[in-house]
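The structure appears right after this line, and notes come after that.
Residue numbering restarts at 1 for every chain, and letters A, B, ... go by the order of the sequence lines. On a predicted model such as this, the values are computed, not experimentally measured, just so you know.
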Amino acid sequence: MLSAYPLKALLCFTLPFSTRIVVATQDPIIIQPIEFGAMSSPTYHLPPLPYGYNALEPHISTQIMELHHSGHHQAYVNNLNAALKNHAAAVQSNDIRTQISLQQAIKFNAGGHINHSLFWRNLAPPGSSESKSSSAPNLIKQINATWGDEEKFRDAFKTALLGIQGSGWGWLVKTGTGADKNRLSIITTKDQDPVVGKGEVPIFGVDMWEHAYYLQYKNGKAAYVENIWNVINWKVAEKRFLGSSEDDNACLKSTQGLLQV
Amino acid sequence: MNSTLLRTSALRSAVRATAPSAASRATIAGTTFVRGKATLPDLSYDYGALEPAISGKIMELHHSKHHQTYVNSFNTFSEQMAEAKHKEDIQAQIALQPMINFHGGGHVNHTLFWENLAPTKQGGGEPPKGQLAKAINDSYGSLDGFKEKFNTALAGIQGSGWAWLVQDTQTGSVLIKTYANQDPVVGRFRPILGIDAWEHAYYLQYENRKAEYFKAIWDVINWQAAEKRFK
Ligand SMILES: [Fe+2]
Ligand SMILES: [Fe+2]
Ligand SMILES: [Fe+2]
């Protein structure tokens, strides 16, 4: 299963079956006027999971993974594309009211797309080398320096996750700048607010919406938070910590963005 | 509203197991408090009685686990609040306010929600009458028009929350409002009818098809309870 990881960034782009597929010719001169006129907007797509729906069993059930990815994440992508399309039309027609009214829908659905795209990639099958914290030597060193040891870090993360009131996410984030550039902190975000603060680099996130665990854990979310440690992808976390996670960025580019790569 | 929340319900359901100890009760103005502690209210119907709109499994978890947790946590934080007041620790009191709002809101909201649901055999789904029906028609044209707007409001909630039909205590008119997480309907607006849009309210049965839940729940709405709240 592990050898089948499609880690190449380009595999993130399963282009929707439409005329946009012509972007693959990478010929912006010909395509741009046809595909990207003034009223066009970027189209985002659901990235394929880097593992099978059943790969995180028994910690996250196949049914949860399938609904979560093909249902929930797909809906964020669809709603984001719809909001951006309406926004582009409103820009074209100088309709500032509509542009403003669409801001929250864009933030929510783009946040949902970003958060889930990061989440899938920061998970890995249990027992895999990626799921061992030894795959993240630099990050673990910084975690130990910050919280004392891994156990204390996990306890602090758990407390943060269980303290979320309503839907949201817990993140380990690199927040530092300058000499203090490797500073780590645990943050929680509400609903689908993405981690996009200045200088903030998300290392890994845990989805605390009920849809992320309810079919399996029901009201026992503490057990979900306990078990998530078996499927954290420390290799990806290390990459993000070291600032070498181009794969993530590629995943989040729109099909229009692909042209510019 | 408060009188319905902290009372020990006379309506006992056969499935209920735990009841508060009678020893510590004190009656204030017709309302029974258990040393000011909130208790999980009994449902006036069985867990399976709202099927097929809401499954028995959902009702059981929702009432005996989720609501119970709000009750327990509210009591815990209320004790801490009392302690902070006793010590005149203002910072601690302020820090506790979000916990009181969330867990107290969870208790208040769910208590109102159970009351504004009923099995079809007990009148669930029967349209409102009288003054409330008139107020809804005045604001929304028809009951169907109102339900459509209400479902749109429910679908638009980004995250966990509730949609409520509320009455504006200043103007007397009714309107639809959504509230995030467990924010309770307090202050200027009076709660008339609430629908829980948290995923735990429907996920075991409807999964990501929440629009189906919003459509089905009208079959078990207790408009009589809503009429009693309307002034
Ligand atoms: Fe991807
Ligand atoms: Fe999610
Ligand atoms: Fe609920």
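To the nearest 0.5 Å, atom CD1 of residue A:I164 and atom OG of residue B:S160 are 10.5 Å apart. Atom CG in A:L67 sits 8.0 Å away from atom CZ in B:R209 (nearest 0.5 Å). The CG atom of B:N208 sits 10.5 Å away from the CD atom of A:E66 when rounded to the nearest 0.5 Å. The structure places CD of B:E199 at 8.5 Å from OH of A:Y213, a figure rounded to the nearest 0.5 Å.
A 6.0 Å sphere centred on CD of A:Q103 holds more than 12 heavy atoms belonging to other residues, nucleotides or ligands.
In this structure, the side chain of A:Q165 does not engage the main chain of B:F102 through any donor-acceptor pair within 3.5 Å.
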Does A:H72 form a side chain to side chain contact (heavy atoms under 4.5 Å, CB included) with B:E207? I'd like the steps, not just the answer.
CA-CA 10 Å; A:H72 292 276; B:E207 297 167 350; over 6 Å; no
Stepwise, does the ring pair (Phe, Tyr, Trp, His ring centres under 6.0 Å) test hold for B:H62 with A:Y214?
CA-CA 12 Å; B:H62 203 170; A:Y214 208 83; 8.9 Å; no
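The two residues B:G159 and A:S167 come nearest to each other via the heavy atoms C-OG, 3.8 Å.
Using a 4.5 Å cut-off between heavy atoms, B:H66 contacts chain A through its side chain alone, with no backbone atom that close. Interface residue B:K57: only side-chain heavy atoms are found under 4.5 Å from chain A.
Using a 4.5 Å heavy-atom threshold, the side chains of B:L204 and A:K218 count as touching.
When A:K190, A:Q104, A:K107 are each tested for a side chain to side chain donor-acceptor pair (under 3.5 Å) with B:Q158, only one passes: A:Q104.
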